Amino acid sequence: MKRNIVVTDMAPPPVGPYSQAIRAGNLVFVSGQIALHPETGEIPEDFGAQCHQVLKNLQAILEASGSSLELTVKVMIYLTDINRFNELNEIYSGYFRASKPARACVEVSNLPKGVFVEMDATALIGE
């Protein structure tokens, strides 16, 4: 099976020793994304703005890999405050409308760069 590293300037570069995503067979595995803006490296202070930026980063990497949000099969969400779950769901629903992937959401004590949310995803490669 062939394994390819996915790289795009439309999402922030990794902040550690990992790839933005890996394509393997007909799947793409997107590494955890935080709310880093790809051009400025800035992180919004607002929870909602962070959620939007994380989802935009996921979308950019998925598209660079030949996939999309619609082809996503699993999303893992990490929140530093599970009490923001409903707010997260409102924003998340705007990105995953008809195609709702399997998902888990957990509260964690801390995330890189002090962000409020991180997400990773697994998706099918478009045909």
Side-chain angles (χ1 to χ4, degrees):
M1 178 182 304
K2 193 172 180 181
R3 176 185 177 277
N4 294 311
I5 295 172
V6 177
V7 179
T8 179
D9 292 338
M10 300 304 291
V15 296
Y18 58 88
S19 301
Q20 287 174 317
I22 299 291
R23 279 181 61 153
N26 68 335
L27 294 173
V28 61
F29 301 88
V30 181
S31 293
Q33 294 300 302
I34 60 174
L36 282 170
H37 189 279
E39 293 174 9
T40 66
E42 294 180 7
I43 298 171
E45 292 183 25
D46 176 69
F47 176 79
Q50 284 193 20
C51 291
H52 282 289
Q53 188 61 58
V54 168
L55 288 157
K56 289 175 187 175
N57 292 345
L58 279 178
Q59 183 174 24
I61 295 169
L62 287 166
E63 289 174 0
S65 72
S67 187
S68 66
L69 291 174
E70 292 78 25
L71 293 173
T72 301
V73 295
K74 175 75 187 270
V75 175
M76 186 69 194
I77 302 171
Y78 309 90
L79 294 175
T80 57
D81 183 358
I82 201 70
N83 294 312
R84 312 289 301 255
F85 186 74
N86 290 336
E87 188 178 352
L88 163 79
N89 280 338
E90 279 189 40
I91 295 165
Y92 182 92
S93 295
Y95 290 83
F96 294 100
R97 297 173 198 261
S99 172
K100 294 180 178 45
R103 188 182 97 173
C105 182
V106 297
E107 182 179 68
V108 296
S109 63
N110 202 359
L111 288 168
K113 298 192 177 280
V115 298
F116 303 126
V117 61
E118 179 173 353
M119 297 182 204
D120 63 57
T122 303
L124 298 169
I125 301 297
E127 298 176 7

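Hydrogens, waters and symmetry mates play no part in the numbers below; they use all other heavy atoms, side chains included. The structure displayed is predicted, hence computed values, not measured ones.
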pair Met76-Val106: side-chain heavy atoms closer than 4.5 Å:
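A side-chain contact under 4.5 Å exists here.
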Would Asn57 and Gln53 count as having a side-chain donor-acceptor pair, cut-off 3.5 Å?
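There is such a pair (donor and acceptor under 3.5 Å, judged by atom type) between the side chains of Asn57 and Gln53.
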Between CD on residue Glu118 and CD on residue Gln50, distance to nearest 0.5 Å:
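Nearest 0.5 Å value for the CD-CD distance: 11.0 Å.
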Using 0.5 Å steps for rounding, measure from the CG atom of Leu69 to the OH atom of Tyr95.
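Taking CG in Leu69 and OH in Tyr95, the distance rounds to 9.0 Å.
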Specify the closest pair of heavy atoms between Ile34 and Pro112, including all atoms of both residues, with the distance to one decimal.
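Looks like CD1-O, 4.0 Å.
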Determine all donor-acceptor pairs shorter than 3.5 Å in which one atom belongs to a side chain in residues 26-33; sequence neighbours excluded.
unit_1: Ser31; atom_1: OG; unit_2: Ser19; atom_2: O; d: 2.6
unit_1: Gln33; atom_1: NE2; unit_2: Ser31; atom_2: O; d: 3.2

For Lys113, is the NZ atom crowded, meaning more than 12 foreign heavy atoms sit under 6.0 Å from it?
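12 or below, so no.
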Indicate if Val6 and Met119 have the same hydrophobic cluster label, given that clusters are the connected sets of ILVMFWY residues with side-chain heavy-atom separations under 4.5 angstrom.
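Yes: a chain of side-chain contacts under 4.5 Å links Val6 to Met119.
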Check for a donor-acceptor pair, side chain of Glu107 on one end and backbone N or O of Ile82 on the other, with a separation under 3.5 Å.
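A pair under 3.5 Å: yes.
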Count I, L, V, M, F, W, Y as connected when their side-chain heavy atoms are under 4.5 Å apart, and connections chain through other members. Are Ile77 and Phe85 then in the same cluster?
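Yes, Ile77 connects to Phe85 through the hydrophobic network.
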Look up atom CG in Leu62 and atom OG1 in Thr122, then write down how far apart they are to the nearest 0.5 Å.
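Separation between the atoms: 9.5 Å.
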Common cluster, Met10/Ile43, ILVMFWY with side-chain heavy-atom separation under 4.5 Å
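No.
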Is there a donor-acceptor pair closer than 3.5 Å between any side-chain N or O of Gln20 and the backbone N or O of Pro12?
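Pair found, side chain donor or acceptor close to backbone of Pro12.
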Quick one: CD1 on Ile125 to CG on Leu71, what's the gap to the nearest 0.5 Å?
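Ile125 atom CD1 to Leu71 atom CG measures 8.5 Å (nearest 0.5 Å).
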Does Phe96 reach the side chain of Val75, with side-chain heavy atoms less than 4.5 Å apart?
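They are in side-chain contact.
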Are Tyr18 and Tyr78 in one and the same hydrophobic cluster, where Ile, Leu, Val, Met, Phe, Trp and Tyr link if side-chain heavy atoms are under 4.5 Å apart?
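They do share one cluster, since a chain of ILVMFWY contacts under 4.5 Å joins Tyr18 to Tyr78.
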Between Arg3 (side chain) and Ile22 (backbone), is there a donor-acceptor pair under 3.5 Å?
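Such a contact is absent between Arg3 side chain and Ile22 backbone.
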Arg103 to Tyr92 six-membered ring, cation-pi geometry met (6.0 Å, 45°)
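Judged by the rule (NZ or CZ under 6.0 Å from the ring centre, within 45° of its axis), Arg103 counts as positioned above Tyr92.
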Could you tell me if the side chain of Phe116 sits less than 4.5 Å from the side chain of Leu88, heavy atoms only?
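No - every pair of side-chain heavy atoms lies 4.5 Å or more apart.
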Minimum heavy-atom separation for Ala35 to Val115, with atom names?
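Closest pair (atom of Ala35, atom of Val115, distance): N-CG1, 4.4 Å.
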Minimum heavy-atom distance between Pro101 and Ser99, given as atom pair plus value
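The pair with the smallest heavy-atom distance is CD-O, 3.3 Å.
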Under 4.5 Å between side-chain heavy atoms, hopping through other hydrophobics if needed: is there a path connecting Phe47 to Leu58?
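Same cluster.
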